[in-house]
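Structure record follows, encoded as structure tokens.
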Amino acid sequence: MATTTLARVAIGPDADAAAGDMILPAGAVEYFRVQPGDRISLLSPSGAGLATVTEC
């Protein structure tokens, strides 16, 4: 996963990103393990940006 802006990330079956969740800095590339049925939720404090999620 990569984003063009700082984002908060939540992963799980009921994921809903919030202010206290993990930070993904702009331009960083990060790998996450997800399970079938998991959702990925992103929250950007700036309100705008792009995210790329790719299956490996």
Side-chain angles (χ1 to χ4, degrees):
M1 176 184 317
T3 62
T4 60
T5 185
L6 180 135
R8 298 287 184 163
V9 179
I11 299 173
D14 298 319
D16 191 13
D21 288 327
M22 179 182 63
I23 294 175
L24 182 63
V29 175
E30 192 64 55
Y31 295 88
F32 299 97
R33 169 171 253 162
V34 297
Q35 300 297 321
D38 279 354
R39 296 180 346 162
I40 299 171
S41 176
L42 300 165
L43 173 66
S44 173
S46 70
L50 298 173
T52 304
V53 179
T54 306
E55 182 180 5
C56 317

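Residues: numbered from 1 along the sequence shown.
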Is Phe32 linked to Leu42 within one hydrophobic cluster, defined over Ile, Leu, Val, Met, Phe, Trp and Tyr using a side-chain heavy-atom separation of less than 4.5 Å?
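Yes.
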With side chain to side chain donor-acceptor pair (under 3.5 Å) as the rule and sequence neighbours excluded, what pairs involving residues 17-46 come up?
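Every side chain to side chain donor-acceptor pair (under 3.5 Å) pair that includes a residue of residues 17-46, provided the two are not neighbours, is Thr5-Ser46, Ser44-Ser46.
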For Ala51 and Thr3, work out which heavy atoms get closest and say how close.
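Scanning both residues, the minimum pair turns out to be CB-CG2, 4.0 Å.
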Distance (rounded to the nearest 0.5 Å) between Ile23 CD1 and Arg8 CZ
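Between atom CD1 of Ile23 and atom CZ of Arg8 there are 3.5 Å.
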Go through the structure and list residues passing side-chain contact (heavy atoms from CB on, under 4.5 Å) with Ala28, not counting sequence neighbours.
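Here the qualifying residues are Leu24, Pro25.
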